[in-house]
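The structure appears below as structure tokens.
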Amino acid sequence: MMAVRQEKLEALLNETRLFAPSEKFRHGANAGDPAIYQKADADLTGFWAEEALRLDWFKRWDEVLEWNSPWVKWFNGGQLNAAYNCVDRHAASLRRNKVAIIWEGEPGDARLLTYGMLQREVNRFANALKSLGVKKGDRVAIYLGMVPELAIAMLACAKIGALHSVVFGGFSAEALRDRINDAQAKVLVTADGAWRRGNVVPLKANADEALKETPSIEKVVVVNRVGRSGRAPVPMVAGRDVWWDGIIADAPVECAAEPMEAEDTLFILYTSGTTGKPKGVVHTTGGYLVGTSTTHRYIFDLKEDDVYWCTADIGWVTGHSYIVYGPLANGATTLMYEGTPDFPDRGRMWGIVEKYGVNVFYTAPTAIRSMMRWGTEWPAQHDLSSLRLLGTVGEPINPEAWMWYHENVGHTQCPIVDTWWQTETGMILISPLPGLTATKPGSATRPFPGVQVDILDEDGNSVGPGAGGNLVLTKPWPAMLRTIYGDPERFVRQYWSRYPGKYLTGDGAKVDNDGYLWLMGRVDDVMNVAGHRISTYEVESALVDHPSVAEAAVIGKTHDVKGQAISAFVTLKEGAQMSEALKEELKQHVAKKIGAIARPDDIFFTAELPKTRSAKIMRRLLRDIAEGRALGDTTTLADPTVIAQLRDQYESEGDAD
Ligand code: WTA
């Protein structure tokens, strides 16, 4: 794997195209003075304290930072409420009638919620949650499509001090069940269904399946999203299930914000790690809100009258930080779109940009690569002149996609911010500042002010320009994860043990001679499929759960559009017949266990898997085979003939599908 990356990287490091911000952009930019970097480096706590003052605190903190690596406290002693900061304080200001959320439904229906309206909706639902017995510290699971109720439910939890755990609507019943059980959630908020390419995703049916084995759930709130159109009536369980509309109808519109400690947990968000069990990343209130709002303000150069659109799903961290908390804390107008980019046609995104006059647009490289495939005629059909800034997130962006975005969406007038971060980091850590940084296509450029990174070799030495290594973070930042829910040991082991005192990102990176950072993808067993994080072990566990499968090894294979596609090498149990039908069945099985996003693109049957003498499967070699490369180091294999046979068989059968 490193071999190809190496070649690709040589090309990248020779990138000479440089796009400097225009004078006009620099002059009006929220971050227009390069001294911001020196200032933050010289006085990290002073820098963040100043930013923190943009929020409303019920009680000022005693200490900005307490750092006993890996344990950290930001703004300790301070009290605030995230929903108050995102909603109430704006509703009490001149922003009362400003649109907080523009929501575009997939079928073409739309809703505009002003800050005043959002406040009433949040308060009603907060009171509804209370009436269902939810108290401060309780966990509420949220399994919804991209509807306004999703943001409302999150903010309602925050308002009363309950912790939300949003589970992406594309996850399966089993994935939902495991996440509910890990968090011991008391209430689940879901919908009768979600629209997706004109079809209904049966959220309530999935939830009902999950709820057979979730003893902690006492009540289920169901949003009526698809039922109004006469589709898919869902059964309601008496005593357990209540309709959203019903429960908020009589709920009071006043609800006091619960004063929360800065270090109180705001939410849990599950993400894939290097084992089969997803981990509940814990984010707290003060540092998270300071980190997300500050980065949102500077990196997206937010202006009071901007229409800002991040196309992520709120089920992932990007949606949490940059659709809901960051933008709303800043009093922005944030756009939510329910559906897919190709429904009813491939111009849908650009139609939305035109319809609402979107100014700042933030999406994933996968989406850009899909649009590249669809052709320039789609963006060309729409007036995109409102756009002034573009962003990307989730995976490395290849220079071709970057240039396409720059030319066909930004019409060469918009800076592009390539933002690197993770569920765990809570906020963007590496990105251009659009008024200051000259960008290079494919590079996330440099750390945000105050953020310190290093690139280390296996022995923990810093590597110089041009050499690859493990990306680590050496200084604390406000939105950093505090722990893994219920598993502090895993938190320490996973992130802080490889290089004590430094946070291990799991990403490979290089720095070029200009000091620009190039992110090279994961170096651990986490795949990045269309910007979604999936662990090889999760997919392997799902495969071996099938009665015909003896063993499975899963890799992320380079894919033109998705970045990576899932390939599985499977050995069958005695008596099981290899067949195309079985391949289909196995793919289906994985989709059922995890969700359609984890469905393997191809499955390859093999008699044996390459293993080390300590029986560790060598995925690296499987990746070499799948990507048609010369095999890397095979000296640690227990039986080198296995890999040679496997390669011959793979090549003779052609691409597995
Ligand atoms: C990858 C998403 C290159 C990276 C916010 C990271 C990126 C993982 C970029 C986190 C980027 C994210 N360039 N790679 N701009 N942004 N990644 O937790 O491998 O879903 O570790 O958070 O996505 O994925 P997660």
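Atoms within each ligand, like the ligands themselves, are counted from 1 in listed order.
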- Anything with a heavy atom under 4.0 Å from ligand 1 counts, so go ahead and list those protein residues by chain and number. V317, T318, V393, G394, E395, P396, D418, T419, W420, W421, Q422, T423, D507, L519, R522, N528, R533
- Query: How far apart are the C-alpha atoms of R197 and D342, what are their side-chain angles, what is the distance that settles it, and do they pass the salt bridge (Lys or Arg N to Asp or Glu O under 4.0 Å) test?
  - Reply: CA-CA 8 Å; R197 285 202 185 86; D342 55 353; 3.0 Å; yes
- Checking R446 against Y37: charged group under 6.0 Å from the ring centre and within 45 degrees of the axis? yes
- Message: If only side-chain N and O atoms count, and only distance matters, is there a donor-acceptor pair under 3.5 Å linking D507 with W420?
- Response: yes
- Query: Only one of Y308, W309, F300 forms a ring pair (Phe, Tyr, Trp, His ring centres under 6.0 Å) with Y362, so which one is it?
  - Reply: F300
- Can you name the side-chain contact (heavy atoms from CB on, under 4.5 Å) partners of P432, sequence neighbours left out? V417, T437, T439, T445
- Is there a donor-acceptor contact under 3.5 Å linking the side chains of E627 and T558? yes
